[in-house]
Number of protein chains: 2
Amino acid sequence: MVSDPIPTIKEIAKRLNVSVSTVSRALSDHPRISEKTKEAVKELAKALHYEPNSKAIFFKQKKSYVIGVIVPLIYEDFFSKGISGIESVAMNNGYTILFGQSYDSLEKERVVVDAMKSQRVDGLIISLSKETSRNDHLKALDTYNIPVVYFDRVPSLPDVNKVYSNLFEGTVSMIEWLFKQGRKRIAFINGPSALIASKERLDGYIEGVSRRKLKVDMQMVEQTDFSEEGTHKAIARLLSLKKPPDAIISFNDYVHMDAVKFAVKQQVKINEEILFASYANISVNKHTAYPPVVSVDQFPYKQGEEAMKMMMELLRHKQEGTNAAPGFYNKEMRALLVFN
Amino acid sequence: MVSDPIPTIKEIAKRLNVSVSTVSRALSDHPRISEKTKEAVKELAKALHYEPNSKAIFFKQKKSYVIGVIVPLIYEDFFSKGISGIESVAMNNGYTILFGQSYDSLEKERVVVDAMKSQRVDGLIISLSKETSRNDHLKALDTYNIPVVYFDRVPSLPDVNKVYSNLFEGTVSMIEWLFKQGRKRIAFINGPSALIASKERLDGYIEGVSRRKLKVDMQMVEQTDFSEEGTHKAIARLLSLKKPPDAIISFNDYVHMDAVKFAVKQQVKINEEILFASYANISVNKHTAYPPVVSVDQFPYKQGEEAMKMMMELLRHKQEGTNAAPGFYNKEMRALLVFN
DNA sequence: TTGTAAGCGTTATCAC
DNA sequence: GTGATAACGCTTACAA
């Protein structure tokens with residue numbers, strides 16, 4: 001395995017009998033270097049598989065060309081699509097992604113954030129863990145001049161850079177649609193109340209129902225911790241109401257799958273007696289036994305792209321010293337209804 | 001945003017009126033530093049949110065504590081689970097993951113590999129793009145002393161480090177099981193023949209069928225390019241055979257979903273007339289309209305963990321100079337049947 | 001017990 | 001056109 005020395009600018013200089021500065025300039029196409037020298041240098045560099053050492057460059061330029069990305073769980077469809085979008089834009093701009101998972105734990109999130117600090121990422125894109133309500137560990141990144149872009153699971157603070165989708169509006173229009181189908185008793189299986197995502201959905205739900213001048217009945221609102229049992233309990237109670245719902249909105253497509261599974265066992269005629277709606281629009285919906293009639297798509301890939309674009313923008317400002325107003329970067333994406 | 005200077009060992013030294021080496025030693029609990037000094041240093045370090053600059057450490061230790069990971073497409077269930085396993089072991093060992101996608105293109109793969117070189121990762125774990133048949137761009141990593149562990153999509157070369165699952169055996173035992181159910185005309189919708197994964201499955205198919213002393217009928221073997229149309233064409237031909245199959249094995253669960261979708265339209269009684277089997281055992285199978293009766297699980301999370309463990313082992317050897325024999329690291333995982 | 005200084009790979013600033 | 005040299009943050013002999 002150990003063979004030739006690792007090719008450096010020094011090595012090239014030695015072999016070509018020129019100085020390191022000449023090599024450095026030749027490689028970056030400095031105007032005052034002769035074509036002949038440039039050619040010779042570039043040729044040898046190629047032959048030796050020379051690749052500049054970004055660690056060394058960091059010292060000079062204070063840039064690592066690495067962006068940290070932290071999500072709760074990579075193998076959730078939403079986040080893996082999001083990261084894919086992030087990575088794609090990053091690569092096109094010469095950046096690489098340093099990646100970590102919080103496993104939805106604040107403690108792990110802290111550890112990963114520290115690792116990112118230690119690696120001196122140029123910026124951090126993060127989707128908060130469900131346990132994270134404070135952001136002092138992220139504030140600490142200011143010390144290192146590392147800008148943060150929040151993604152999807154954003155903190156409810158002013159003056160932070162964030163990309164997220166408007167679940168409030170999405171929910172309102174979903175309810176509008178359900179009403180148009182003649183549904184009047186719309187139930188809702190929400191997620192843990194600690195999640196902002198839950199609050200947004202609930203607000204949208206209340207707004208949507210209110211707009212139709214119907215009384216908001218909190219009997220129709222349940223909660224799940226995302227476990228199959230949690231969801232079963234929730235829908236069980238809804239189905240046992242004196243006046244059971246004629247439509248059920250689930251927190252997302254996964255919750256929806258658990259919910260219909262239970263409903264089917266209870267002989268409910270899915271999407272007839274009760275219309276099922278949900279969020280995410282995951283691609284397997286097409287193949288699922290009982291897909292939701294409508295699902296609110298948040299376009300995670302697109303959101304990821306936007307987050308990275310925002311980061312690029314922030315870094316440009318940093319470079320040029322033209323500090324954009326904090327909180328200026330606040331991109332609200334439209335969530336759209338997708339029908340099955 | 002710009003506030004105090006970024007805390008360095010130098011800064012701490014200046015404020016405490018000691019030398020940088022004292023600070024360095026204090027932080028790493030050097031035995032010959034007085035408790036008092038250690039305490040003072042650590043306290044100030046904490047107050048300043050000091051985090052060592054891993055880029056600087058790289059120069060001395062020649063270690064970046066970063067492992068590169070390249071997969072074709074992160075949002076495929078298999079790969080996102082794999083990366084999750086990789087990341088988890090990495091974090092437990094103080095390593096971070098630098099991540100890139102090849103989008104199944106050799107050209108993009110090259111770009112990402114160069115980025116990894118430039119970032120001087122300590123090692124690279126890669127699942128090859130489907131276009132990659134040569135590995136000269138990865139051989140070039142030898143120059144940088146960067147060990148490579150291949151993951152799942154491994155090259156058919158001796159003397160490389162790899163983790164993969166034995167799809168041959170998995171296929172044989174799947175066919176054994178189908179025979180035990182009384183099925184005699186087992187068809188197979190394979191993937192593109194360029195993929196090693198396709199060859200392994202086919203070899204297993206032929207072996208499995210042969211063991212039962214049945215003639216191998218290549219009429220029963222079809223191919224798909226993974227598009228819905230490709231799969232539909234494949235199953236259409238199989239169903240139109242004079243003697244149609246009584247069991248169909250699909251390349252993976254996604255192909256399976258497209259296949260049954262078509263079969264249902266043709267009034268086929270799924271998993272009665274024809275038993276459907278497949279590979280991957282993705283978690284939505286539980287919620288799908290017509291899950292495969294059996295799916296060969298490759299346990300990507302576990303495989304990811306193993307790949308990272310192998311990498312840690314390699315790095316240890318490198319450190320200690322005890323070069324393990326090339327090709328010594330060749331971990332074949334068992335793929336297991338999972339029934340629905 | 002602590003300080004001094006060299007060195008890692010690269011770029012930028014002078015010099016010639 | 002090209003070369004010498006300092007600087008970036010950190011570790012580690014070697015001194016004291």
Side-chain angles (χ1 to χ4, degrees), chain A residues 4-42 44-45 48-65 117-122 143-146 319, chain B residues 4-42 44-45 48-65 117-122 143-146 319:
Chain A
D4 310 312
I6 293 181
T8 66
I9 223 169
K10 226 180 193 169
E11 176 73 16
I12 297 178
K14 195 161 51 171
R15 296 207 197 195
L16 255 42
N17 254 315
V18 294
S19 74
V20 284
S21 31
T22 301
V23 175
S24 173
R25 285 190 270 242
L27 287 172
S28 52
D29 265 326
H30 193 282
R32 291 207 306 231
I33 296 287
S34 75
E35 278 308 320
K36 219 169 62 180
T37 314
K38 277 188 193 171
E39 252 177 59
V41 167
K42 285 183 181 173
L44 183 56
L48 295 177
H49 297 290
Y50 170 78
E51 193 75 35
N53 185 333
S54 64
K55 263 76 183 179
I57 292 176
F58 173 84
F59 278 142
K60 302 302 297 181
Q61 316 205 335
K62 295 287 179 194
K63 287 176 83 174
S64 61
Y65 292 99
K117 266 198 300 200
S118 179
Q119 294 287 344
R120 296 291 191 275
V121 293
D122 286 342
T143 318
Y144 290 87
N145 240 301
I146 299 174
Q319 181 99 5
Chain B
D4 310 312
I6 292 180
T8 65
I9 223 170
K10 223 179 194 171
E11 177 72 17
I12 297 178
K14 193 161 53 172
R15 295 208 197 193
L16 255 43
N17 254 316
V18 295
S19 74
V20 284
S21 43
T22 302
V23 175
S24 172
R25 287 190 269 244
L27 287 172
S28 52
D29 265 325
H30 193 282
R32 292 206 307 231
I33 296 288
S34 74
E35 278 308 320
K36 218 168 64 181
T37 314
K38 278 188 192 173
E39 252 176 59
V41 167
K42 287 183 180 174
L44 184 55
L48 294 178
H49 296 291
Y50 170 78
E51 193 76 34
N53 185 332
S54 65
K55 263 76 183 179
I57 293 176
F58 171 84
F59 279 141
K60 301 304 294 181
Q61 317 204 334
K62 294 288 179 193
K63 288 176 82 175
S64 61
Y65 292 98
K117 267 198 298 198
S118 180
Q119 294 287 344
R120 297 289 191 276
V121 293
D122 287 342
T143 319
Y144 289 87
N145 240 302
I146 299 175
Q319 180 99 5

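So that the names make sense, note that chain A is the first sequence line, chain B the second, and so on, each numbered from 1. What you are looking at is a predicted structure, and each value in this text was computed from that prediction instead of being measured.
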Checklist entry - Within less than 4.0 Å of OP1 or OP2 of dT11(C), is there a side-chain N or O belonging to Ser24(A)? => result yes

Item to check | Side chain of Lys10(B) - closest among dG9(D), dT1(C), dT12(D) | outcome: dG9(D)

Checklist entry - Between Pro7(B) and Leu48(B), which heavy-atom pair has the shortest distance, and what is it? => result CG-O, 3.3 Å

Next on the checklist: Measure CG/Leu16(B) against P/dG3(C) and give the value in whole Å, please.
Outcome noted: 10 Å

Checklist entry - Is there a donor-acceptor contact under 3.5 Å from the side chain of Tyr50(A) to the main chain of Glu11(A)? => result no

Checklist outcome for this item: To the nearest angstrom, the CG-C1' distance between Asn53(A) and dG7(C) comes to 14 Å

Checklist entry - Nearest to the side chain of Lys62(A) - dG9(C), dG9(D), dA4(D)? => result dG9(D)

Next on the checklist: By the definition side-chain hydrogen bond (donor to acceptor under 3.5 Å, both in side chains), identify the one residue from Arg120(A), Gln119(A), Lys117(A) that meets it with Ser54(B).
Outcome noted: Gln119(A)

Next on the checklist: Quick check: on DNA chain C, is the nucleotide nearest Phe58(B) upstream (toward 5') of the one nearest Ser19(B), or the reverse? Name the residue that is more 5'.
Outcome noted: Ser19(B)

Next on the checklist: Using OP1 and OP2 only, check whether a side-chain N or O of Tyr50(B) sits under 4.0 Å from dC10(D).
Outcome noted: yes

Checklist entry - To the nearest Å, how far apart are Leu27(A) CG and dT11(C) P? => result 8 Å

Checklist entry - Relative to the 5' end of DNA chain C, which residue comes earlier, Asn17(B) or Arg120(B), by the nucleotide with the nearest heavy atom? => result Asn17(B)

Checklist entry - Taking the side chain of Thr22(A) as heavy atoms from C-beta outward, which of dA5(C), dT2(D), dC10(D) is closest to it? => result dT2(D)

Checklist entry - Rounded to the Å, how far apart are Glu51(A) CD and dG9(C) P? => result 15 Å

Item to check | Rounded distance (Å) that lies between atom C1' of dG9(D) and atom CD of Gln119(A) | outcome: 14 Å

Checklist entry - Do Thr8(A) and Asn53(A) come within less than 4.5 Å of each other through their side chains, counting heavy atoms only? => result no

Next on the checklist: Side chain of Arg32(A) only, heavy atoms from C-beta on: which candidate in dA5(C), dG1(D), dT11(C) is closest?
Outcome noted: dG1(D)

Checklist entry - Can you check the Lys36(B) NZ to dT2(C) C1' distance for me, whole Å? => result 13 Å

Next on the checklist: Nearest to the side chain of Ile57(B), heavy atoms from C-beta on, is which of dT10(C), dG1(D), dC10(D)?
Outcome noted: dC10(D)

Next on the checklist: Using the side-chain heavy atoms of Thr37(A), tell me which of these nucleotides is nearest: dC10(D), dT2(D), dT1(C).
Outcome noted: dT2(D)

Item to check | Under 3.5 Å: donor-acceptor pair, side chain of Lys55(A), backbone of Ile57(B) | outcome: no

Next on the checklist: Tell me the interatomic distance from Ile6(B), atom CD1, to dA7(D), atom C1', rounded to whole angstroms.
Outcome noted: 16 Å

Checklist entry - Any idea which of dG9(D), dT12(D), dT10(C) is nearest the Ala56(A) side chain? => result dT10(C)

Checklist entry - Among dG3(C), dG9(C), dT11(D), which is the nearest nucleotide to the side chain of Ser21(B)? => result dG3(C)

Checklist entry - Is a donor-acceptor contact shorter than 3.5 angstrom present between the side chain of Arg25(A) and the base of dG3(D)? => result yes

Checklist entry - Is there a donor and acceptor pair, one atom on the side chain of Ser28(A) and one on the base of dT11(C), closer than 3.5 Å? => result no

Checklist outcome for this item: Lys14(B) NZ to dT2(C) P, in whole Å, measures 21 Å

Next on the checklist: Checking side-chain contact (heavy atoms from CB on, under 4.5 Å) between Val41(A) and each of Ile9(A), Leu16(A), Ile33(A), which is the one that passes?
Outcome noted: Leu16(A)

